[in-house]
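Bear in mind that the values here come from a model prediction, so they are computed numbers and not experimental data.
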Amino acid sequence: FSKPEPSQIRALDRMYQNNAGISFENLDENPIEDNKLIAVQTEKKIFQVHNRYIYSQLKSGYVLIDQQRAHERILYEKFISSLENQVNFSQQELFPIQIEFSSSNFALLKEIWEEVKVIGFDISEFGKNTISINGVPADIKETDYQKLFENIIEQFKNNKDQLNLDTKESVARSMARNMSIKKGKQLSEREIIQLTDELFACAQPEYLPNGKRTFITVTLSEIEKQFK
């Protein structure tokens, strides 16, 4: 686990400003050399826990990241940026995929048609209540597009009815939630590091738009209290 970039250090330091001593500036740079067993165990300071969380060691404790919420936060900020700047990155499908909807869901999809395209879905109408997916956002990992679109439409409807959000905000939230990696997915070391780096590069890494935390921090003093 390499020492974070200055922008990431500042982001974390803002979160820890009320907890003296917790800062990436104080990360140990070298493993313990006089005890080979301990050195091997402490050299890796970031890893996945139960395919749900990412553990990252700090000098004064550790941070535990919810991998699904972290990815949702990352996607949300990317989608909001795309919608505000009208910039998207799409990869073309080798074979276009057709999806048929109910009349009500197709009507809802038409309400967010332009926003969906701006985010990176290259879609076109293909008969009654049917679309053809010709391209998808560059970093999408979902393959069941029928389920994905049904969930996005349902979440958009809930956001619209219950939260009274504007269309851009609602689309960004619903797409981020449904396109994020899920709990239970095993990540490679490269994916773990990339997810962590991208989270702390976010403008607001601590919380989802709905206020839920993306990670928690635990100090050594808090750990020690559990053993008294």
Side-chain angles (χ1 to χ4, degrees), residues 1-17 19 21-33 36-82 87-91 119-120 136-143 172 175-209 212-220 222-223:
F1 174 43
S2 58
K3 193 172 182 180
E5 296 297 324
S7 61
Q8 297 171 330
I9 294 172
R10 290 194 295 272
L12 281 166
D13 281 341
R14 288 199 302 271
M15 295 180 290
Y16 307 145
Q17 58 185 342
N19 298 289
I22 305 178
S23 171
F24 270 116
E25 293 285 6
N26 297 321
L27 277 172
D28 291 328
E29 294 183 355
N30 300 306
I32 299 173
E33 297 180 353
K36 294 184 181 298
L37 176 61
I38 294 179
V40 170
Q41 292 177 337
T42 58
E43 185 174 5
K44 189 174 183 180
K45 296 183 178 181
I46 183 168
F47 52 84
Q48 194 176 25
V49 180
H50 294 296
N51 293 340
R52 296 167 63 93
Y53 306 102
I54 295 172
Y55 168 97
S56 182
Q57 181 178 319
L58 305 176
K59 177 68 175 180
S60 299
Y62 65 86
V63 58
L64 196 62
I65 302 168
D66 184 306
Q67 66 183 41
Q68 181 173 349
R69 292 184 182 180
H71 194 216
E72 184 176 340
R73 179 73 221 185
I74 293 165
L75 290 179
Y76 167 76
E77 292 200 7
K78 285 183 178 179
F79 294 158
I80 280 291
S81 177
S82 292
V87 176
N88 69 72
F89 300 95
S90 181
Q91 58 188 9
I119 282 176
V136 299
D139 56 356
I140 190 172
K141 302 187 186 316
E142 181 66 56
T143 54
M175 294 192 77
R177 179 174 180 179
N178 287 286
M179 291 170 63
S180 60
I181 58 174
K182 302 299 183 281
K183 291 179 172 64
K185 178 177 174 57
Q186 185 174 4
L187 305 177
S188 67
E189 183 175 353
R190 181 186 63 80
E191 289 174 325
I192 290 171
I193 294 173
Q194 180 179 351
L195 186 70
T196 304
D197 287 347
E198 290 186 0
L199 174 64
F200 291 115
C202 286
Q204 297 291 335
E206 302 98 321
Y207 300 97
L208 292 178
K212 293 183 179 180
R213 298 191 67 92
T214 58
F215 63 87
I216 61 171
T217 57
V218 180
T219 66
L220 286 175
E222 290 172 331
I223 297 172

(message) Return the CD to CD1 distance between E191 and I181, rounded to the nearest 0.5 Å.
(response) 7.5 Å
(request) Could you tell me the separation between the NE2 atom of H50 and the CD atom of Q67, rounded to the nearest 0.5 Å? (result) 12.0 Å
(request) Test D66 against every option in K183, R73, H71 by the side-chain hydrogen bond (donor to acceptor under 3.5 Å, both in side chains) rule and name the one that passes. (result) K183
(request) Measure the OH-CE distance between Y76 and M179 for me, rounded to the nearest 0.5 Å. (result) 15.5 Å
(message) Any side-chain to backbone donor/acceptor pair from Q48 onto L187? Under 3.5 Å, distance only.
(response) yes
(message) Using only atom types and a distance under 3.5 Å, with no angle test, would you say the side chain of E77 pairs donor to acceptor with the backbone of A203?
(response) yes
(request) Examine distances only and state if a side-chain atom of T214 and a backbone atom of R69 form a donor-acceptor pair shorter than 3.5 Å. (result) no
(message) Any non-hydrogen side-chain atom of V218 less than 4.5 Å from a side-chain atom of L64?
(response) no
(message) Please report the interatomic distance CG(L199) to CD(E72), rounded to the nearest 0.5 Å.
(response) 12.0 Å
(message) Going by salt bridge (charged side-chain N to carboxylate O under 4.0 Å, His left out), name the residues that satisfy it together with K185, two or more places apart in sequence or in a different chain.
(response) none
(message) Test your reading of the model: is there a side-chain donor-acceptor pair from S90 to the backbone of P137, 3.5 Å cut-off?
(response) no
(request) Rounded to the nearest 0.5 Å, what's the gap from CZ on F79 to CD1 on I74? Could you check? (result) 11.0 Å
(message) To the nearest 0.5 Å, what is the distance between CD1 on I80 and NZ on K78?
(response) 14.5 Å
